[in-house]
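Okay, structure first, notes after.
On a predicted model such as this, the values are computed, not experimentally measured, just so you know.
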Amino acid sequence: MVAAALVAAALSGCGATQEAVAGSNHPVIRSLDSSWVPGQLSLAQLAAYQAISEPALRLAQERFQLRKRELALLEARKIAKRKHDQEEARRKYREALRRARLAYQAALRKAAIERARQLKRIAALKRKIELARRENERRRRVAPGEECRDPQQRQTYRCSTGHLPLLPTPKK
(Lines give C-alpha, C1' and ligand atoms only; values in the text may rest on other atoms or scores of the structure.)
Protein backbone atom coordinates (compact mmCIF):
# COMPACT_ATOMS: atom_id res chain seq x y z
CA MET A 1 0.00 0.00 0.00
CA VAL A 2 2.82 2.38 0.89
CA ALA A 3 4.72 1.48 -2.26
CA ALA A 4 1.67 2.25 -4.37
CA ALA A 5 1.32 5.65 -2.70
CA LEU A 6 4.99 6.44 -3.37
CA VAL A 7 4.66 5.47 -7.02
CA ALA A 8 1.47 7.52 -7.36
CA ALA A 9 3.15 10.52 -5.74
CA ALA A 10 6.19 10.22 -7.99
CA LEU A 11 4.07 9.89 -11.11
CA SER A 12 1.74 12.72 -10.17
CA GLY A 13 4.63 15.11 -9.79
CA CYS A 14 4.26 15.85 -6.15
CA GLY A 15 6.30 18.89 -5.21
CA ALA A 16 6.40 20.21 -8.75
CA THR A 17 5.40 23.75 -9.56
CA GLN A 18 1.85 24.43 -10.65
CA GLU A 19 3.01 25.57 -14.07
CA ALA A 20 4.79 22.29 -14.72
CA VAL A 21 1.75 20.25 -13.70
CA ALA A 22 -0.80 22.47 -15.44
CA GLY A 23 1.27 22.98 -18.59
CA SER A 24 1.85 19.34 -19.38
CA ASN A 25 0.02 16.16 -18.92
CA HIS A 26 3.29 14.19 -18.72
CA PRO A 27 4.13 13.00 -15.25
CA VAL A 28 7.29 14.48 -13.64
CA ILE A 29 9.69 11.78 -12.57
CA ARG A 30 12.09 12.64 -9.77
CA SER A 31 14.50 10.70 -7.67
CA LEU A 32 13.07 9.69 -4.32
CA ASP A 33 16.39 10.30 -2.52
CA SER A 34 16.80 13.91 -3.75
CA SER A 35 15.24 16.95 -2.12
CA TRP A 36 15.84 19.24 -5.07
CA VAL A 37 12.72 20.57 -6.68
CA PRO A 38 12.83 21.59 -10.34
CA GLY A 39 12.95 25.34 -10.67
CA GLN A 40 14.80 25.91 -7.41
CA LEU A 41 18.20 27.59 -7.45
CA SER A 42 21.24 25.38 -7.30
CA LEU A 43 23.07 25.22 -3.97
CA ALA A 44 26.20 26.44 -5.76
CA GLN A 45 24.43 29.74 -6.43
CA LEU A 46 23.56 30.42 -2.79
CA ALA A 47 25.88 32.83 -0.95
CA ALA A 48 25.89 30.82 2.27
CA TYR A 49 26.86 27.67 0.37
CA GLN A 50 29.60 29.54 -1.47
CA ALA A 51 30.90 30.94 1.83
CA ILE A 52 31.39 27.38 3.03
CA SER A 53 32.24 25.76 -0.29
CA GLU A 54 35.06 28.04 -1.46
CA PRO A 55 37.25 27.70 1.67
CA ALA A 56 36.51 23.97 1.78
CA LEU A 57 37.51 23.62 -1.87
CA ARG A 58 40.69 25.64 -1.29
CA LEU A 59 41.55 23.52 1.77
CA ALA A 60 40.85 20.36 -0.22
CA GLN A 61 43.20 21.52 -2.99
CA GLU A 62 45.88 22.40 -0.43
CA ARG A 63 45.49 19.02 1.24
CA PHE A 64 45.63 17.34 -2.16
CA GLN A 65 48.85 19.21 -3.02
CA LEU A 66 50.31 18.34 0.39
CA ARG A 67 49.36 14.71 -0.13
CA LYS A 68 50.97 14.71 -3.60
CA ARG A 69 54.10 16.29 -2.13
CA GLU A 70 54.10 13.73 0.70
CA LEU A 71 53.72 10.85 -1.77
CA ALA A 72 56.56 12.27 -3.89
CA LEU A 73 58.68 12.62 -0.77
CA LEU A 74 57.91 9.04 0.25
CA GLU A 75 58.82 7.84 -3.24
CA ALA A 76 62.05 9.87 -3.16
CA ARG A 77 62.90 8.42 0.25
CA LYS A 78 62.18 4.92 -1.04
CA ILE A 79 64.48 5.48 -4.04
CA ALA A 80 67.16 7.03 -1.81
CA LYS A 81 66.92 4.06 0.58
CA ARG A 82 67.25 1.62 -2.32
CA LYS A 83 70.29 3.52 -3.66
CA HIS A 84 71.81 3.64 -0.18
CA ASP A 85 71.26 -0.11 0.28
CA GLN A 86 72.80 -0.81 -3.14
CA GLU A 87 75.80 1.40 -2.36
CA GLU A 88 76.18 -0.29 1.03
CA ALA A 89 76.08 -3.71 -0.67
CA ARG A 90 78.69 -2.52 -3.21
CA ARG A 91 80.87 -1.19 -0.38
CA LYS A 92 80.62 -4.50 1.51
CA TYR A 93 81.41 -6.40 -1.71
CA ARG A 94 84.45 -4.23 -2.42
CA GLU A 95 85.64 -4.67 1.18
CA ALA A 96 85.19 -8.45 1.00
CA LEU A 97 86.99 -8.47 -2.36
CA ARG A 98 89.85 -6.41 -0.91
CA ARG A 99 90.15 -8.79 2.06
CA ALA A 100 90.03 -11.83 -0.24
CA ARG A 101 92.76 -10.36 -2.46
CA LEU A 102 94.92 -9.63 0.57
CA ALA A 103 94.40 -13.18 1.83
CA TYR A 104 95.19 -14.55 -1.63
CA GLN A 105 98.38 -12.48 -1.88
CA ALA A 106 99.39 -13.59 1.63
CA ALA A 107 98.77 -17.21 0.63
CA LEU A 108 100.86 -16.69 -2.51
CA ARG A 109 103.72 -15.23 -0.44
CA LYS A 110 103.46 -18.09 2.04
CA ALA A 111 103.44 -20.64 -0.82
CA ALA A 112 106.48 -18.95 -2.40
CA ILE A 113 108.34 -19.08 0.92
CA GLU A 114 107.37 -22.73 1.38
CA ARG A 115 108.37 -23.53 -2.21
CA ALA A 116 111.78 -21.85 -1.69
CA ARG A 117 112.22 -23.83 1.55
CA GLN A 118 111.31 -27.07 -0.22
CA LEU A 119 113.67 -26.28 -3.09
CA LYS A 120 116.50 -25.64 -0.61
CA ARG A 121 115.70 -28.92 1.14
CA ILE A 122 115.63 -30.78 -2.19
CA ALA A 123 118.93 -29.16 -3.25
CA ALA A 124 120.52 -30.18 0.08
CA LEU A 125 119.23 -33.75 -0.36
CA LYS A 126 120.58 -33.83 -3.92
CA ARG A 127 123.97 -32.61 -2.69
CA LYS A 128 123.92 -35.24 0.04
CA ILE A 129 122.99 -37.97 -2.46
CA GLU A 130 125.72 -36.79 -4.87
CA LEU A 131 128.31 -36.85 -2.06
CA ALA A 132 127.18 -40.34 -1.07
CA ARG A 133 127.38 -41.47 -4.71
CA ARG A 134 130.90 -40.04 -5.08
CA GLU A 135 131.97 -41.66 -1.82
CA ASN A 136 130.54 -44.97 -3.01
CA GLU A 137 132.38 -44.60 -6.32
CA ARG A 138 135.58 -43.79 -4.47
CA ARG A 139 135.22 -46.89 -2.30
CA ARG A 140 134.56 -49.11 -5.33
CA ARG A 141 137.68 -47.89 -7.15
CA VAL A 142 140.35 -50.54 -7.52
CA ALA A 143 143.99 -49.77 -8.22
CA PRO A 144 145.57 -51.77 -11.03
CA GLY A 145 147.17 -54.99 -9.82
CA GLU A 146 150.70 -56.37 -10.16
CA GLU A 147 150.15 -57.44 -13.72
CA CYS A 148 149.74 -53.84 -14.87
CA ARG A 149 153.23 -52.78 -13.80
CA ASP A 150 154.77 -54.39 -16.83
CA PRO A 151 154.19 -52.25 -19.97
CA GLN A 152 153.60 -55.25 -22.24
CA GLN A 153 151.03 -56.74 -19.94
CA ARG A 154 149.44 -53.34 -19.48
CA GLN A 155 148.68 -53.26 -23.23
CA THR A 156 147.43 -56.81 -23.19
CA TYR A 157 145.09 -56.33 -20.27
CA ARG A 158 144.29 -52.67 -20.97
CA CYS A 159 144.95 -51.74 -17.39
CA SER A 160 143.00 -48.87 -15.96
CA THR A 161 141.49 -48.03 -12.67
CA GLY A 162 138.50 -50.29 -12.30
CA HIS A 163 135.44 -50.60 -10.14
CA LEU A 164 134.08 -53.32 -8.00
CA PRO A 165 130.63 -54.50 -8.93
CA LEU A 166 127.76 -52.97 -7.05
CA LEU A 167 126.11 -55.05 -4.44
CA PRO A 168 122.74 -56.29 -5.52
CA THR A 169 119.95 -54.19 -4.10
CA PRO A 170 117.46 -56.06 -1.99
CA LYS A 171 114.09 -56.47 -3.66
CA LYS A 172 111.19 -54.98 -1.91
Side-chain angles (χ1 to χ4, degrees), residues 29-36 41-172:
I29 299 175
R30 291 185 305 144
S31 173
L32 293 177
D33 61 345
S34 173
S35 63
W36 183 72
L41 289 177
S42 168
L43 283 179
Q45 294 175 348
L46 298 175
Y49 180 81
Q50 288 176 357
I52 295 171
S53 160
E54 287 174 3
L57 184 60
R58 191 172 53 253
L59 285 173
Q61 287 174 346
E62 288 174 7
R63 286 177 45 205
F64 179 70
Q65 292 301 322
L66 287 173
R67 179 67 180 152
K68 276 178 47 179
R69 191 175 311 127
E70 185 179 349
L71 288 174
L73 185 62
L74 288 173
E75 185 65 24
R77 284 182 185 157
K78 186 175 165 184
I79 291 170
K81 174 80 169 117
R82 188 180 317 122
K83 284 183 180 179
H84 178 267
D85 291 347
Q86 288 174 345
E87 186 56 39
E88 183 67 18
R90 280 190 205 103
R91 185 192 63 76
K92 286 180 180 178
Y93 172 77
R94 285 191 300 264
E95 178 62 24
L97 185 64
R98 184 188 67 80
R99 278 187 267 123
R101 283 183 179 157
L102 287 175
Y104 178 69
Q105 290 168 352
L108 283 178
R109 282 191 299 274
K110 184 178 176 184
I113 291 168
E114 181 64 23
R115 186 171 36 255
R117 191 181 67 76
Q118 289 290 333
L119 288 174
K120 284 181 184 177
R121 188 176 70 79
I122 289 171
L125 284 173
K126 284 183 178 180
R127 281 192 303 273
K128 185 178 176 184
I129 290 171
E130 181 63 22
L131 286 174
R133 187 188 66 77
R134 285 182 187 171
E135 178 62 26
N136 193 15
E137 288 288 326
R138 189 188 60 74
R139 278 187 279 140
R140 286 181 50 222
R141 205 173 283 153
V142 177
E146 293 286 327
E147 68 277 359
C148 290
R149 290 192 185 155
D150 183 26
Q152 287 181 348
Q153 286 184 350
R154 186 177 284 167
Q155 281 182 344
T156 305
Y157 293 110
R158 284 190 252 155
C159 292
S160 64
T161 303
H163 296 5
L164 290 175
L166 291 173
L167 295 175
T169 57
K171 293 186 181 180
K172 295 181 183 181

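Within a 6.0 Å radius of CZ in Arg101, other residues, nucleotides and ligands contribute 12 heavy atoms or fewer.
Smallest separation of non-hydrogen atoms from Gln45 and Gln50: CA-NE2, 3.9 Å.
Look at Glu95 and Lys92 and you find no salt bridge, because none of the NZ, NE, NH1 or NH2 atoms lies under 4.0 Å from a carboxylate O. Using a cutoff of 4.0 Å between basic side-chain nitrogens and carboxylate oxygens, Arg127 and Glu130 are not scored as salt-bridged. Ion pairing between Arg94 and Glu87 holds under the 4.0 Å rule for side-chain N and carboxylate O.
One finds the OH atom of Tyr49 at 10.5 Å from the CD atom of Glu54 (value rounded to the nearest 0.5 Å). With rounding to the nearest 0.5 Å, the separation of CD in Glu70 from CZ in Arg63 is 11.5 Å. Leu71 contributes atom CG, which lies 11.0 Å from atom NZ of Lys78 (distance to the nearest 0.5 angstrom). Taking CG of Leu66 as the reference point, atom CG of Leu73 lies at 11.5 Å (rounded to 0.5 Å). Rounded to the nearest 0.5 Å, atoms CG (Leu57) and CD1 (Ile52) are 13.5 Å apart.
Counting heavy atoms from C-beta on, the side chains of Ile129 and Lys126 never come closer than 4.5 Å. Between Glu114 and Lys110 the shortest side-chain heavy-atom distance does not fall below 4.5 Å.
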message: side chain to side chain contact (heavy atoms under 4.5 Å, CB included), that's the test. Do Gln65 and Lys68 meet it? Break it down for me.
response: CA-CA 5 Å; Gln65 292 301 322; Lys68 276 178 47 179; 4.1 Å; yes
message: Applying salt bridge (charged side-chain N to carboxylate O under 4.0 Å, His left out) to Glu62 and Arg69, what does each step give before you reach the verdict?
response: CA-CA 10 Å; Glu62 288 174 7; Arg69 191 175 311 127; over 6 Å; no
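Judged by distance alone, the side chains of Arg121 and Gln118 do bring a donor and an acceptor atom under 3.5 Å apart.
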